[in-house]
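A short worksheet on the structure shown next.
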Number of protein chains: 2
Amino acid sequence: MHNHHSLKKEIMRRITAGEWAPGAVMPSETKLAEEYGCARTTINRALQTLAEDGLIERKRRAGTRVRELPVRQAKFNIPLVRREIEQTGAVYRPHVTLRKRLPAPNHIAARLHLPPDSEVLHLHTVHLSDGRPLAFEDRWINIEAAPGILDAPFKEISANEWLLRQTPYSSGSVSFSAENANEAHASALGVAKGAALFTIDRTTWLGERYITWVKIFYRPGYSLKSGL
Amino acid sequence: MHNHHSLKKEIMRRITAGEWAPGAVMPSETKLAEEYGCARTTINRALQTLAEDGLIERKRRAGTRVRELPVRQAKFNIPLVRREIEQTGAVYRPHVTLRKRLPAPNHIAARLHLPPDSEVLHLHTVHLSDGRPLAFEDRWINIEAAPGILDAPFKEISANEWLLRQTPYSSGSVSFSAENANEAHASALGVAKGAALFTIDRTTWLGERYITWVKIFYRPGYSLKSGL
DNA sequence: CAGTGGTCTAGACCACCAG
DNA sequence: TGGTGGTCTAGACCACTGA
């Protein structure tokens, strides 16, 4: 019982058992280390992960407190559509229905922080699972940030995956939402107009340079799961 | 430059700069420690957080590798509706439109792992932001797991918050989805039937005991944001 | 079986900040 | 200003597993 994983569990048990009231100060690292007969470093490690998990709050000098209302967090793996599909045992195929090089419309230039009329690549892709559409993707790519994209075939790998391979370690922002299918979505996905589609909206950049903005519309019934 | 935060950044820089190809083995902890002139422990800490972030993959004996396709993760704070609303400066009020104690229907008993016909509390709540509906909540509560719930007023705090205060340190599972508004949703939220609603579906338990299952339907236009 | 990462320890110094 | 958490160090042992 002297490794930080089991100590974490043990301390979590004491918290959930109500040993320290929400908002109350817990014993200091030094005291817990004495109590468990281990090094302070080990306690420190356990408490740090508990703090990351949102169960406790720590401040120098003020000590460690049990959070009044623990922060509820969920970690999601932002899905790579190909993987999602192949994990079900189905065959993945991307089907590009639009591929157009054009000067960026204003709303796209703004999103990608580009000067007006920079060239972008606009793509529509339907992601097929055993030939059946799972998701429709509307993507805008900053050509300057990914020049090779113009020659990519997208027969087996999608634009997303192509970009991921080119600039694997970019950062981004994500948001989830719901939208009614318009004509285009409906025909791409083979569903009725107005159907509720789960959407993932994502902007990606590397350093100062914006790479792509994409919105993915999932077939009705899709859900994204996570642990809490 | 000898603390694990800056070391993490520095190593991340080298990864994103392409110093080690995706899939390639990175130098061992010992070598990096020599190179940076610090203790192996410090390098270890930095690499462990990089592994948590999904940028690298580590195996004993096999060493540390740069991930081919980094895992894209997003951490979301599962919103407490009251906080969401109050953060916008609006006044929060929950409005309970249904509150019924009954034997659990089969699909609820199954979800909450209850013996058939256990008593549950069924609640419908509309979450109001300055009097305007933001979300509709359909909740089932295992009465045995939260007996005091029967007397709770829910005038100012919602059932969710009440439960959170009673059993703050429970765990759970979450999933996100989209649904078309049915009659009930539509009238509760004051939107057209068929509107696309973003939904959060959550099951909560403490140890072996299931506490509640809830589904929240957000007004059209709502989106849940996160960093990547 | 040898080298990797995982972890613990004891001691140390420091930054912070409530009393 | 003293006690808290944050971190580093050097050394140690262990678990795992690929060559």
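In what follows, chains carry the letters A, B, and so on, assigned in the order in which the sequence lines appear, proteins first and then strands, with residues in each chain numbered from 1.
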- prompt: In B/S/- notation, 5' to 3', how is nucleotides 13-19 of chain C contacted by protein heavy atoms closer than 4.0 Å?
  reply: --BBBBS
message: Strictly below 4.0 Å: does A:His4 bring a side-chain N or O up to OP1 or OP2 of C:dG6?
response: no
Under the salt bridge (charged side-chain N to carboxylate O under 4.0 Å, His left out) test, residues paired with B:Glu34 that sit two or more places apart: none
Parallel, tilted or perpendicular, as decided by the 30° and 60° cut-offs, for the rings of B:His122 and B:Trp140: parallel
All side-chain contact (heavy atoms from CB on, under 4.5 Å) counterparts of B:Arg65, not counting sequence neighbours: B:Val25
message: Tell me every residue that passes side-chain hydrogen bond (donor to acceptor under 3.5 Å, both in side chains) with A:Glu86, counting only those two or more places apart in sequence or in another chain.
response: A:Arg82
- request: Starting from P on C:dG6, measure out to CD1 on B:Ile56 and report it in whole angstrom.
  value: 9 Å
Contact under 4.0 Å: B:Arg58 side-chain N or O vs C:dG6 OP1/OP2: yes
message: Going by side-chain hydrogen bond (donor to acceptor under 3.5 Å, both in side chains), name the residues that satisfy it together with A:Glu179, two or more places apart in sequence or in a different chain.
response: A:Lys215
query: A:Tyr36 has an atom OH; how far is it from atom P of C:dT9, in whole Å?
result: 14 Å
- request: Mind calculating the distance between NZ (B:Lys8) and C1' (D:dG6) to the nearest angstrom?
  value: 16 Å
Using distance only, find each side-chain donor-acceptor pair of residues 88-95 of chain B under 3.5 Å and give its atom names and separation, not counting sequence neighbours.
residue : atom : partner  : partner atom : Å
B:Thr88 : OG1  : B:Ile85  : O            : 2.6
B:Thr88 : OG1  : B:Ala90  : N            : 3.4
B:Tyr92 : OH   : B:His127 : ND1          : 2.8

statement: salt bridge (charged side-chain N to carboxylate O under 4.0 Å, His left out) filter on B:Glu35, not counting sequence neighbours, yields B:Arg14
- prompt: When the distance from CZ of A:Arg65 to P of D:dT4 is rounded to whole Å, what number comes out?
  reply: 13 Å
query: Does B:Thr64 place a side-chain N or O at less than 4.0 Å from the phosphate oxygens OP1/OP2 of C:dT4?
result: no
message: The criterion is salt bridge (charged side-chain N to carboxylate O under 4.0 Å, His left out); which residues satisfy it with A:Glu68, sequence neighbours excluded?
response: none
- prompt: Is there a residue in residues 45-54 of chain B whose heavy atoms reach under 4.0 Å of DNA chain C, and which residues are they?
  reply: B:Gln48
- line: Ordered by number, residues from residues 26-35 of chain A within less than 4.0 Å of DNA chain C (heavy atoms) are none
query: Is any side-chain nitrogen or oxygen of A:Thr41 closer than 4.0 Å to OP1 or OP2 of C:dT7?
result: no
- request: Using distance alone, with no hydrogens and no angle criterion, decide if B:Asp201 and B:Trp213 have a side-chain donor and acceptor under 3.5 Å apart.
  value: yes
field: Residues that B:Phe198 engages under ring-ring contact (aromatic ring centres under 6.0 Å, His included), provided they are two or more places apart
entry: B:Phe176, B:Tyr222
- prompt: Are OP1 or OP2 of C:dG5 and a side-chain N or O of B:Asn44 less than 4.0 angstrom apart?
  reply: no
- line: For A:Asp53, the salt bridge (charged side-chain N to carboxylate O under 4.0 Å, His left out) test, sequence neighbours excluded, returns A:Lys8
